[in-house]
There are 2 protein chains.
Amino acid sequence: MSVQERKERERAGRERLIVATARELAEQQGWDAVTTRRLAERIEYSQPVLYSHFRGKREIIGAVALQGATEMAAAMRAATSAADGPRARVYALARAYLDFATRNPAVYDALFQLDGGLAYAQEDTPEPLKDAFAALLDCLGEVAGDGVAPGLFTEVFWAALHGVATLTRSGRLPPEETESRVELLVGRLAVV
Amino acid sequence: MSVQERKERERAGRERLIVATARELAEQQGWDAVTTRRLAERIEYSQPVLYSHFRGKREIIGAVALQGATEMAAAMRAATSAADGPRARVYALARAYLDFATRNPAVYDALFQLDGGLAYAQEDTPEPLKDAFAALLDCLGEVAGDGVAPGLFTEVFWAALHGVATLTRSGRLPPEETESRVELLVGRLAVV
DNA sequence: GATTCGATCCTAGCAGTGCTAGACATGAGA
DNA sequence: TCTCATGTCTAGCACTGCTAGGATCGAATC
């Protein structure tokens with residue numbers, strides 16, 4: 001059985017290599033540059049090997065998205081746990097969110113702009129995505145205010161952050177005033 | 001000179017046809033289906049004709065975006081002018097915005113998601129885009145509150161609407177509660 | 001140790017994409 | 001009527017995601 005186990009290990013390792021390489025290439029040159037040929041060349045295998053791991057390019061994007069969701073959730077939890085009081089936590093959360101989007105634009109795209117074939121906001125939503133939303137919810141639920149469902153409040157706050165992140169990165173909002181926007185957003189939306 | 005004038009008229013007409021056809025095709029089957037071949041076939045000309053009007057597909061997307069910006073600005077102005085009081089106007093604006101995004105998803109994408117080669121938030125920003133932002137500003141400037149720059153407030157409110165619009169349409173937010181989200185957004189952000 | 005045979009991988013190719021060079025026709029002005 | 005510029009099309013380039021089918025390699029059997 002050890003032969004088969006070794007093969008499975010190698011296979012799993014190659015799959016990680018594919019995801020890591022796709023992510024790296026996407027961060028370096030954008031998702032448009034992530035073609036199956038270039039990706040295959042970088043991992044030093046032929047194109048069809050990719051298809052023995054993933055159904056297609058979409059699933060590769062999805063795999064990067066799941067990896068990113070886990071990291072993003074961790075980043076947000078780390079940021080909020082280091083802050084004192086609900087308001088400070090919300091600030092830390094918002095900054096961590098936008099910071100992650102700025103530092104990992106390709107991963108952010110895989111998560112929230114591209115089609116990675118993942119289910120969102122449903123029962124069969126993958127655990128990493130649920131956990132990332134939970135990280136938002138844990139912090140934002142504190143400041144939803146009376147009579148407002150924490151889930152709904154989280155969705156709205158998240159949507160606002162997402163809007164700021166995407167419009168800024170696509171050059172539709174000048175990046176200089178991001179800090180002021182966050183202050184306005186937190187100041188008005190959060191109830192302390 | 002009348003011959004030349006006639007030719008220019010015909011040329012302008014054909015350009016309108018290209019833009020209208022691209023928009024129609026995009027609304028029917030999505031922007032991925034708008035290929036230069038299909039577009040050329042629909043307007044009953046060969047592909048290179050497209051390139052005598054536009055530098056490439058990107059510019060065609062940009063042309064659709066400009067057309068859409070004009071319509072969107074008009075829709076928002078019509079909605080706000082029919083409402084009484086600042087708060088009612090903001091509600092009407094938000095609903096008109098999301099309504100436009102829902103009814104014209106391809107145009108909305110051309111405006112705010114795809115790259116149409118247009119300059120945003122700059123001096124050389126095309127007039128229709130400036131006007132659409134002005135339509136937002138005219139309404140939202142009323143409820144920015146003391147000490148908050150109307151421009152900044154408008155950007156933040158716009159970003160929130162954009163987030164709700166895009167996350168909902170890509171299936172990342174359940175569409176049922178859009179109305180509650182708008183109420184929360186207006187209730188907390190607008191100062192009356 | 002030789003031989004089968006299945007898993008694994010690669011070469012080559014399909015139908016499609018955006019875009020363009022160069023041949024061709026058409027019609028306005030001399 | 002002839003010339004020639006303008007406008008249009010055919011054909012092709014280099015690329016895309018994806019796949020069929022042949023070659024190869026190594027594990028298990030005799």
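Numbers restart at 1 for each chain; the letters A, B, ... are given by sequence-line order, proteins then strands. None of the values given here were measured: they were computed from a predicted structure.
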Salt-bridge present ([X], [Y]; N to O < 4.0 Å):
X	Y	answer
B:D84	B:R89	no
A:R38	A:E24	no
A:D124	A:K130	no

Roughly, in whole Å, what's the span from [atom1] in [X] to [atom2] in [N]?
X	N	atom1	atom2	result
B:I18	C:dG18	CD1	P	14 Å
A:D32	C:dG18	CG	C1'	12 Å
B:W31	C:dG18	CH2	P	11 Å
B:L25	C:dT17	CG	P	11 Å
A:K7	D:dA27	NZ	C1'	7 Å
A:Y51	D:dA20	OH	P	12 Å
B:I60	C:dT17	CD1	C1'	14 Å
B:E10	D:dT6	CD	C1'	13 Å

Output for pair (B:L25 CG, B:L39 CG), nearest 0.5 Å, gives 7.0 Å

Measure the OG1-CG distance between A:T166 and A:L173 for me, rounded to the nearest 0.5 Å.
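Atom-to-atom, A:T166:OG1 and A:L173:CG are 8.5 Å apart.
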
Closest to the 5' end of DNA chain D, once B:R37 and B:R11 are matched to their nearest nucleotides, is B:R11

In terms of the nearest nucleotide of DNA chain D, which residue is placed more toward the 5' end: A:R38 or A:P48?
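Result: A:R38.
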
Base, sugar-phosphate alone, or nothing: which one does B:S46 contact when heavy atoms must sit under 4.0 Å apart?
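Base contact.
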
Contact class for B:R14 (heavy atom, under 4.0 Å): base, sugar-phosphate, or nothing?
sugar-phosphate

Between D:dG17 and A:T36, is there an OP1 or OP2 to side-chain N/O distance shorter than 4.0 Å?
yes

Side chain of A:Q47 (C-beta onward), nearest among C:dT17, C:dC19, C:dG13:
C:dG13

